[in-house]
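The block underneath contains the structure these notes are about, expressed in structure tokens.
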2 protein chains.
Amino acid sequence: MSCNNILKAKGYRLTPQRRVILDILHHEDAHLTADALYEQVKDKVAGVDRSTVYRTLDLLESLGLVVKAEIHGAHVYHHSEEGHHHHLKCRACGKVVELPEEALEALEKSLLEKHGFAADLHHHVITGLCAECR
Amino acid sequence: MSCNNILKAKGYRLTPQRRVILDILHHEDAHLTADALYEQVKDKVAGVDRSTVYRTLDLLESLGLVVKAEIHGAHVYHHSEEGHHHHLKCRACGKVVELPEEALEALEKSLLEKHGFAADLHHHVITGLCAECR
DNA sequence: ATAGTTGCAAACGCTTTGCACTGGC
DNA sequence: GCCAGTGCAAAGCGTTTGCAACTAT
């Protein structure tokens, strides 16, 4: 089911602003900050307000359509359809490398077995130095 | 060498404010927010300002005497003498469980071998559900 | 003496809020 | 027509800054 239909099915309205925000999030691979998203929305919908972007992101996150993560104190948003994965962020060059979900499965399992802790390791960001910057 | 001496050795002054802040950080096991630290400092030094707490934390962090971490968008500070460790934070009850450094060593090693990525896994926070809240 | 350090007050950046108006359903 | 959703403006929060006064060395 498309995001649009999920919204409707839950009784939320499909406004032009939400349409555009969903559209951008789907065509954008990067992890957008609220501000970067606002800058793009602004070009397509005249007069949008930042608060609308924030409110929409909150809504989409609560519906599980968007994932919110944190990279160095900055909040980044990402649509959640493409399967879970993780990120390696280089603290020197800033490059972000994708990491498949399997990379953290062993850790997830051991935390559950040894500590009874069900970790949310679905969209994790790990900082460090990449191969080129070491 | 004590923190006090490290400060002096680098040409920084040992003011009453810094003395108190260092004292609290050493006698406090928890991870303090800047605000929580300020509240404690306030009781010992009349008229301290928040900016002094922030400036001192920045200084101590830059000297490596204090570690700054992030839990759900809140910055927490922690003195760095007690060896590296990690945290499991329960998203339901908020409880924070300590995790020994070894728990992430296997992951660190595999990231280095498979991706050439030297991860900063020294004070990591993992969110999830603890044993009681699952 | 003199640079490092402080308190004050003001500004900051990001995010949230209250409100009356608008527009999707 | 109803009520969810919007733009606007203002406030909120944690943090940073410029500056004149102070003080540890």
Side-chain angles (χ1 to χ4, degrees), chain A residues 2-25 31-63 65-77, chain B residues 2-24 31-63 65-78:
Chain A
S2 80
C3 289
N4 293 1
N5 291 334
I6 294 178
L7 278 183
K8 286 198 170 185
K10 302 240 179 182
Y12 297 104
R13 292 181 187 165
L14 198 50
T15 64
Q17 293 88 337
R18 287 181 180 170
R19 230 184 274 267
V20 167
I21 290 174
L22 280 169
D23 191 54
I24 293 171
L25 287 171
H31 294 64
L32 294 169
T33 60
D35 184 64
L37 179 58
Y38 167 71
E39 287 299 323
Q40 292 198 41
V41 178
K42 207 172 50 159
D43 293 339
K44 299 196 177 183
V45 182
V48 232
D49 193 74
R50 286 195 148 80
S51 62
T52 299
V53 173
Y54 281 110
R55 284 187 279 224
T56 302
L57 285 172
D58 277 356
L59 173 65
L60 297 178
E61 194 195 358
S62 73
L63 293 176
L65 300 176
V66 153
V67 173
K68 183 181 187 176
E70 252 181 82
I71 301 186
H72 284 198
H75 296 142
V76 292
Y77 298 85
Chain B
S2 78
C3 289
N4 294 1
N5 292 334
I6 294 178
L7 277 182
K8 287 198 171 187
K10 303 242 178 179
Y12 296 106
R13 292 183 188 163
L14 196 50
T15 64
Q17 293 88 336
R18 288 181 178 168
R19 228 184 275 268
V20 167
I21 290 174
L22 280 170
D23 191 54
I24 293 172
H31 294 62
L32 294 169
T33 60
D35 184 64
L37 180 58
Y38 167 70
E39 288 299 323
Q40 291 198 40
V41 177
K42 206 172 51 156
D43 294 337
K44 298 195 177 184
V45 183
V48 233
D49 193 73
R50 285 194 148 79
S51 62
T52 299
V53 173
Y54 280 110
R55 284 187 280 224
T56 302
L57 285 172
D58 277 356
L59 174 65
L60 297 179
E61 193 194 359
S62 73
L63 293 176
L65 300 176
V66 153
V67 174
K68 183 180 186 175
E70 253 180 82
I71 302 186
H72 282 199
H75 295 142
V76 292
Y77 298 85
H78 188 282

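Within every chain, numbering begins at 1; the chains are lettered A, B, ... in the order of the sequence lines, protein sequences first and strands thereafter.
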May I have the distance from [X] (atom [atom1]) to [N] (atom [atom2]), rounded to whole angstrom?
| X | N | atom1 | atom2 | result |
| --- | --- | --- | --- | --- |
| B:L63 | C:dT5 | CG | P | 10 Å |
| B:L14 | C:dT5 | CG | P | 10 Å |
| A:N4 | C:dC25 | CG | P | 10 Å |
| B:Y12 | C:dT2 | OH | P | 22 Å |
| A:Y54 | C:dC14 | OH | P | 7 Å |
| A:L37 | C:dT15 | CG | P | 12 Å |
| B:R18 | C:dG7 | CZ | C1' | 14 Å |
| A:R50 | C:dT16 | CZ | P | 13 Å |

[X] versus [Y]: any side-chain heavy-atom pair under 4.5 Å?
| X | Y | value |
| --- | --- | --- |
| B:D23 | B:R19 | no |
| B:V66 | B:T56 | no |
| A:L22 | A:L60 | yes |

Open item on the list: Of the listed nucleotides (C:dC25, C:dC8, C:dT5), which one gets closest to any side-chain atom of B:S51?
Closed with: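 Closest nucleotide among those given: C:dC8.
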TODO: Would you kindly check whether a donor in the side chain of B:R55 faces an acceptor in the base of C:dG7, or vice versa, at under 3.5 angstrom?
DONE: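 By the distance-only test, yes, there is a pair.
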Open item on the list: Quick check for you: name the first and last nucleotides of DNA chain D, 5' to 3', having an atom under 4.0 Å from a heavy atom of chain B.
Closed with: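 Nucleotide range with atoms under 4.0 Å of chain B: D:dG14 to D:dT25.
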Task: Least distance between heavy atoms, A:V45 atom then A:P16 atom - done: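 Residues A:V45 and A:P16, closest heavy atoms: CG2-O, 4.4 Å.
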Task: Shortest non-hydrogen contact from A:L14 toward A:L7 - done: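 Answer, listing the atom of A:L14 first, then A:L7: CD1-CD1, 3.8 Å.
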TODO: Any chance you could lay out the side-chain hydrogen bond (donor to acceptor under 3.5 Å, both in side chains) test for B:D49 and B:S51, step after step, and finish with the verdict?
DONE: CA-CA 5 Å; B:D49 193 73; B:S51 62; 2.7 Å; yes
Open item on the list: For A:P16 and B:T15, find the nucleotide of DNA chain D closest to each by heavy atoms; which residue's nucleotide sits nearer the 5' end?
Closed with: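 Upstream on the strand: A:P16.
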- [ ] Report the residue (B:D58 or B:R19) whose heavy-atom-nearest nucleotide on DNA chain D is the more 5′ of the two.
- [x]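 Per heavy-atom nearest nucleotide, the more 5' residue is B:D58.
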Open item on the list: With nearest nucleotide decided by heavy atoms, which residue, B:T52 or A:D49, maps closer to the 5′ end of DNA chain C?
Closed with: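 Looking at the nearest nucleotide for each, B:T52 comes out on the 5' side.
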TODO: Would you confirm whether A:R50, through its side chain, and A:Y38, through its main-chain N or O, come within 3.5 Å as a donor-acceptor pair?
DONE: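 Answer holds: no.
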Open item on the list: Is the phosphate of C:dG23 approached by A:Q17 (side-chain N or O, under 4.0 Å from OP1 or OP2)?
Closed with: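 Indeed not, no polar side-chain atom of A:Q17 lies that close.
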